[in-house]
Every structure is written in C-alpha cells, then in structure tokens.
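Following: one structure in structure tokens, then a few remarks.
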Amino acid sequence: MVQPYKHEPFTDFSIEENRQAFLKGIKTVESYLGQDYPLVIGGERITTEDKIISYNPSNKEEVIGSVSKASRDLAEQAMQAAVEAFKTWKKVKAEVRADVLFKAATIIRRRKHEFSALLTKEAGKPWKEADADTAEAIDFLEYYGRQMLALKDGVPVNSRPNEFNRYNYIPLGVGIIISPWNFPLAIMAGTTVAAIVTGNTVLLKPASTTPIVAAKFVEVMEEAGLPKGVLNFVPGSGSEVGDYLVDHKDTRFISFTGSRDVGLRIFERSSKVNPGQIWMKRLIAEMGGKDTIVVDSEADLELAAQSIVAGAFGFSGQKCSACSRAVIVEDVYDTVLNRVVELTNQLTVGDPTEQGTFMGPVNDNNAFKKIMEYVEIGKQEGKLMTGGEGDNSKGYFIQPTVIADLAPDSRIMQEEIFGPVVGFTKAKDFTEAIEIANNTEYGLTGAVITTNREHLEQAREDFHVGNLYFNRSCTGAIVGYQPFGGFNMSGTDSKAGGPDYLLLHMQAKTTSEMY
Ligand SMILES: NC(=O)c1ccc[n+]([C@@H]2O[C@H](COP(=O)([O-])OP(=O)(O)OC[C@H]3O[C@@H](n4cnc5c(N)ncnc54)[C@H](O)[C@@H]3O)[C@@H](O)[C@H]2O)c1
Ligand SMILES: N[C@@H](CCC=O)C(=O)O
C-alpha cells in the first residue's frame, strides 16, 4: 500500500549534521568533476568526438564535466530505439511503472545532498535553492507515481442494461522532452517521468549548460530498473537535434519548458504534418514570465518588501516565476521602495558553495551580457536605486538591482530579463495596480499583498495569471500543493505537479461491449 503523498521537506542547514552532509555532497561532486558522459540510446552507451562542456558559472575555469553530443544520425537512432521500446513499455502495468519512480525517488533522497551540491556547482544554485530543486525532483517522482496509480483503471462511465462501457487512458507514443537549465534537476526529471510513467518512451534533450545533472539522473532511472530504450539521453544543439526531433514524423508529443521564443518556434514547427506522419502532435509548452507583486495601500509593508526581495533575487531572478515587477499603490510606494532597497543592500552575492551566499552567479556569459544590457536600458527608462554592477572576470556575477519610477509599458516592465533586476511602478489605486499587472503578454505568476478582503477577491477574479499568491511571494510552487503553469505567452498552462498533468501525456479510449 502506497502512503499518501507529502512533499519532501526542505533541509534545515542551521543543524550541524545537515550542514556537514551538504559539505560532504560538495566533496563527492568534486571527486568526479571533469568526467565524460555518453549518450544513452536503447540502453547502449555511445561516446562521440563532439562534446558539450559544462562549466561552473561561478568559476568559468572549472569544468563540471562533458557529455557526448548527438548528431542527427544519432537522434534518429534514438528515435528508433524509443519507437521499438514503446511496443513493450506501453503494456507494462501501471503499478510497475510507478514503482520505478518510487525507487528513483528513494535513490535521489539517499543522495540528496550530492545532487544539490551538483546543482550548486553546475547551475550556480545557493544551498537553499539547490535543496529546493532536489526536493522538487523527489516530489515529482512521488506525486506522479501516485497519480498514475489513481488513473490506471480510467474513470467510471455509465452503462445501460446489456451494455458495459469503459473509459481508460492509454499512452501516446514517443515524446521529446526539452528542458531548461534553471531547474536542471526538478523540471528535467519531472517532465521526463510524467511521460514515462504514463507508458510513453522518450528522448531527453537537456539544456546545454546543465547536462551533467541530467546524465546523473539518467543513471538513477537505470538503477531504478527502467528498461532499455524507454529513456534515451540525447544532449545536443537546440537548432540541430531539437528541430530534427520536433519535426520528426514519429514524434507523438513534445514536452518543452523554456523561453517564449523557442516555445513559439516549436509550436509552429510541431503543427506541420510531415510525410508519413499520421497524427497531430501534442505540445506541452511551459514558457516565460513577467511576474508582478502588487502592493496595496492597506498592507503589511514589511511583508511586501520581503516578498519582493525574495521573489526578485532568489536564484538571481532566474525563475520563470521571479518577481520582476513591483506595482505599488502610490500612498505606500516610497515606503516599500526604500525598504526593498535596504533589504537588497543586505544580500550577499558570491560563490554559492559557501553556505552564507544568498545569490550566486547568472547562467553564462550570454545571460550576463543580456542582463547587463537590460540594466543600461533600466537606467534610461527609470531611476537606478541600487545594484547595476556586474563582474564576469571569474564567474558571472551581477548585483541585485532595483529600478524605480518606470512607466508600465517600459521595456523593463514588459520584457523577461531573467536576472536579478526588479522594476517599480506606481499605481493610483488598487484597480489600476491590477490593470498594470495584467498588461504584459505573459500570465504566469503574480502576488498581491493586502489586508483588504475585497481587494483579494477582486484580484482572484481579475489578476490573469496561472499561479496567484496572496500575502506571500510569487515563487516556490510545491508539487501537489500549487500546480504550476501560466496563461497567454507563458504557455499551455499544463499545471506541472497537478492532478491533470499526467492526462496531457495520454489519450482516452472508450470501449463499449454488448452482452
Ligand atoms: N513556465 C515554466 O514552467 C518555466 C520553467 C522554467 C523555465 N522557464 C523559462 O525558460 C527560460 C529559461 O530557460 P532556457 O534559457 O533554458 O530556455 P531556452 O528556450 O533557451 O531553452 C530551453 C531548451 O530548449 C532547447 N532549444 C533551443 N532551441 C531549440 C530548438 N530550435 N528546438 C528544440 N529545442 C531547442 C534548449 O537547448 C533547452 O534545452 C525562461 O524564459 C524561463 O521563464 C519556464
Ligand atoms: N516552479 C518554480 C518556477 C519554475 C520556473 O523557473 C516556482 O514556482 O518558483
């Protein structure tokens, strides 16, 4: 009997034993830095000359490891392995598939601090953020395993005399999993196992800056007993391997998490029916955000400032859910802004392997350059209150940056920056604040800080985001508690970690028998 789902608790690092366990995790990771990882196709390990090298974003001299890089020929080989494995995996009982996930959760839990330490090294995540990423990966495994058990017999439908009707869910086929670097364990693992537990086989193409944690995850799934060919590991270039697999006639569905632009490209390409293709591809696309915290005049202003700082600068603002806009009712604008600046000035920026570091580096030099360009735009469009400096001499560090007095339609208030930059805009009242919050093309997360019940109810109806939070920050959804996904250009609102998510990976079949 499987116990009810509960989310994996976060680690309390003020406890010495936990602190030592994390330090041991760092030592374990350091013992295997620089190793080379193969592609995995039909269970076979394939090493190529062409490599993707993964560097530590805090110290660009440090190589985390390298992975072999799939060419189109190897991607084709992986596709055929997945097509073949689907013939048997789709018939494996749901209980057995779920057990693989439960076992993988146990293995990752056992090696929790090693995985978190790897995220610290490869993705630049501070301890707390890395711990949350690993916990979320465990949650996805535990939650989707249980969801599959709940769905395995379908849903009851009515029958008439002499008739027996059944309504069941069956898998789709081969899925392409394309994951981002910012939750390189949780989102990569969650999207992969949701597809697998529902009876599909997959090709996993991880983000190119964080392939090592994905390679380690593939090893875990093998150790947990996943048969050959169900999960094929094909790191490669988005434009080469990504396009090839998205276009492929045998691709049945694509589960993409990443930027708006790449998501739209996949949306367009996947809608084209290619020669030999006998279905319309299904697309799950979770894309970017431009997320707002609204602060009302009747509000706990300390809570407001703390929520803005946590949402804007946690993991250097590199979350699709990050608070990149603060819209404040004018009576309290100066108070909230000044307190946010004070709190921001207390944050520590540096090497995330140090326990006390609040903010580590940004992802790579491209991210560094893009964010610094936005800082310059911000200086033109508004008033730089604090931060604005970057240093990419050793790693890619940017100071947490607050830009005030922005027009609601300024670029800083409209475009996803994906870095530690938050823009402030003033609203004349709460209704105008919600209008401003809604005036982007995205609709992912948002938060409202108010003590006014009517305003909360107004926001519940009018604030058009997939994940809306009251009197807290707008990041940190928990699997099974706050299903996650957004509206408009934030994607297909798939609600990862929610009760409907697995259904996106299946198709319903009705059978009606007369007797
Ligand atoms: N909504 C969500 O749940 C969610 C979660 C995390 C990140 N994000 C978004 O992801 C973005 C950051 O991640 P990123 O920089 O890795 O995004 P990205 O779009 O640059 O890359 C995402 C993935 O797509 C691949 N890719 C690139 N070109 C491709 C192509 N032509 N065909 C197929 N695959 C291709 C990349 O290699 C990577 O694996 C942000 O916009 C963020 O908001 C959204
Ligand atoms: N699910 C995460 C965000 C994922 C995107 O980057 C959160 O809720 O903060």
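Judged purely by distance below 3.5 Å, without hydrogens or angles, the side chains of Asn467 and Tyr469 pair a donor atom with an acceptor atom. Side-chain contact of Thr210 with Glu122: a donor-acceptor pair under 3.5 Å is absent, judged by distance alone. Side-chain atoms of Ser512 and Asn165 form a donor-acceptor pair, as typed in the model, at a separation below 3.5 Å. Side-chain contact annotation: Thr492 with Ser494, donor-acceptor N/O pair under 3.5 Å absent. Under 3.5 Å, the side chains of Asn200 and His505 contain no donor-acceptor pair of N or O atoms. For the residue pair Asn488 and Glu441, no side-chain donor N or O sits within less than 3.5 Å of a side-chain acceptor on the partner. No hydrogens or angles considered: nothing links the side chains of Glu416 and Ser324 as a donor-acceptor pair under 3.5 Å.
The backbone N or O of Val92 lies less than 3.5 Å from a partner atom in the side chain of Arg97, making a donor-acceptor pair. In this structure, Gln147 contributes its side chain and Tyr143 its backbone to no donor-acceptor pair below 3.5 Å.
Closest of all the heavy-atom pairs between Phe233 and Pro206 is CE1-CG, 3.7 Å. Residues Ala326 and Ile308 come closest through the heavy atom pair CB-CD1, 3.9 Å. Minimum heavy-atom separation, Leu204 to Ser179: CD1-OG, 4.2 Å. Here the shortest heavy-atom pairing between Lys290 and Tyr442 reads CB-CD1, 3.6 Å. Closest approach of Val294 and Ala437 over heavy atoms only: CG2-CB, 3.9 Å. Heavy atoms only, all atoms of each residue included: Met188 and Pro184 are closest at CB-O, 3.2 Å.
Remark: Lys319 is not positioned above the aromatic ring of Phe183, lacking an NZ or CZ atom under 6.0 angstrom from the ring centre and at most 45 degrees off the axis.
Within 6.0 Å of CD1 in Ile278 there are 12 or fewer heavy atoms belonging to other residues, nucleotides or ligands. Residue-environment remark: CG (Asp12) exceeds the threshold of 12 foreign heavy atoms within 6.0 Å. Within a 6.0 Å radius of CE in Met514, more than 12 heavy atoms belonging to other residues, nucleotides or ligands are found. Atom CZ of Phe267 has 12 or fewer neighbouring heavy atoms from other residues, nucleotides or ligands inside a 6.0 Å radius. More than 12 heavy atoms of other residues, nucleotides or ligands shown are found within 6.0 angstrom of CD on Glu457.
The side chain to side chain contact (heavy atoms under 4.5 Å, CB included) check on Ala130 picks up Ser116, Leu119, Thr120, Lys125, with sequence neighbours excluded. For Glu223, the side chain to side chain contact (heavy atoms under 4.5 Å, CB included) partners at least two apart in sequence or on another chain are Ile107, Arg111. With sequence neighbours excluded, the residues forming a side chain to side chain contact (heavy atoms under 4.5 Å, CB included) with Gln318 are Trp181, Phe315, Ser316, Val362, Asn363, Phe418, listed by chain and number.
A salt bridge does not link Arg265 to Glu268: none of the charged side-chain nitrogens sits closer than 4.0 Å to a carboxylate oxygen. A salt bridge links Glu142 and Arg109; the closest N-O separation between the charged side-chain nitrogens and carboxylate oxygens is under 4.0 Å. For the pair Glu76 and Arg72, the salt-bridge criterion is not met [side-chain N within less than 4.0 Å of a carboxylate O]. Ion pairing between a basic and an acidic side chain is recognised when a charged N comes within 4.0 Å of a carboxylate O; Lys152 and Glu95 show such pairing. Glu513 and Arg166 are not joined by a salt bridge, as no carboxylate oxygen comes within less than 4.0 angstrom of a charged side-chain nitrogen. Under the 4.0 Å criterion applied to side-chain N and carboxylate O atoms, Asp493 and Lys495 are assigned as salt-bridge partners. Using a 4.0 Å cut-off between charged side-chain N and carboxylate O, Asp291 and Arg325 make no salt bridge. Salt bridge Lys112/Glu8: present, at least one basic N to carboxylate O contact under 4.0 Å.
Between Val197 and Leu502, some side-chain heavy-atom pair lies under the 4.5 Å cut-off. With a 4.5 Å cut-off on side-chain heavy atoms, Tyr244 and Met79 do not count as touching. With contacts defined as side-chain heavy-atom distances shorter than 4.5 Å, the pair Val202/Ile176 does not qualify. Side-chain contact between Tyr5 and Tyr144: absent, with no pair of heavy atoms (C-beta onward) separated by less than 4.5 Å. The side-chain heavy atoms of Met489 and Leu264, taken from C-beta on, include a pair separated by under 4.5 Å. Within the 4.5 Å cutoff, the side chain of Ile178 has no heavy atoms near those of the Thr257 side chain. Proximity of Leu151 to Met506: side-chain heavy atoms (C-beta onward) are separated by under 4.5 Å at one or more points. No side-chain heavy atom of Phe253 sits less than 4.5 Å from a side-chain heavy atom of Val174.
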Handout entry: Evaluation steps, side chain to side chain contact (heavy atoms under 4.5 Å, CB included), between Asn452 and Phe430
Key = CA-CA 10 Å; Asn452 181 320; Phe430 188 74; over 6 Å; no
Practice task
For Arg269 and Asp243, run salt bridge (charged side-chain N to carboxylate O under 4.0 Å, His left out): C-alpha distance rounded to whole Å, both residues' side-chain angles, the deciding distance at 0.1 Å, then the answer.
Solution key: CA-CA 8 Å; Arg269 294 184 83 107; Asp243 280 351; 3.6 Å; yes
Practice task
May I have the step-by-step check of side chain to side chain contact (heavy atoms under 4.5 Å, CB included) for Leu456 and Thr450, ending in yes or no?
Solution key: CA-CA 7 Å; Leu456 287 178; Thr450 181; 3.4 Å; yes
Problem - Trace of the salt bridge (charged side-chain N to carboxylate O under 4.0 Å, His left out) decision for Glu415 with Arg260 - result: CA-CA 11 Å; Glu415 296 172 18; Arg260 171 194 176 281; over 6 Å; no
Exercise for the section: Take Trp89 and Leu226 through the test side chain to side chain contact (heavy atoms under 4.5 Å, CB included) and record every step on the way to the result. Expected result: CA-CA 10 Å; Trp89 183 243; Leu226 195 69; 3.7 Å; yes
Exercise for the section: Check the pair Ser490 / Glu286 against side-chain hydrogen bond (donor to acceptor under 3.5 Å, both in side chains), numbers first and verdict last. Expected result: CA-CA 6 Å; Ser490 292; Glu286 287 308 307; over 6 Å; no
Practice task
Show your working on side chain to side chain contact (heavy atoms under 4.5 Å, CB included) between Lys216 and Tyr32 and close with a plain yes or no.
Solution key: CA-CA 11 Å; Lys216 292 279 176 198; Tyr32 56 66; 3.5 Å; yes
Handout entry: Trace of the side-chain hydrogen bond (donor to acceptor under 3.5 Å, both in side chains) decision for Gln414 with Asn439
Key = CA-CA 8 Å; Gln414 291 294 322; Asn439 80 352; 3.1 Å; yes
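Remark: Ser237 OG to Asp50 CG distance equals 9.5 Å, nearest 0.5 Å. Atoms CG and NZ, from Asn232 and Lys205 in turn, are 15.0 Å apart once rounded to the nearest 0.5 Å. The CD1 atom of Ile138 sits 8.5 Å away from atom CG of Leu185, with the distance rounded to the nearest 0.5 Å. Summarising the geometry, atom CZ belonging to Arg110 is positioned 11.0 Å from atom CD1 belonging to Ile108; distances are rounded to the nearest 0.5 Å.
Aromatic ring centroids of Tyr515 and Phe164 lie 6.0 Å or more apart.
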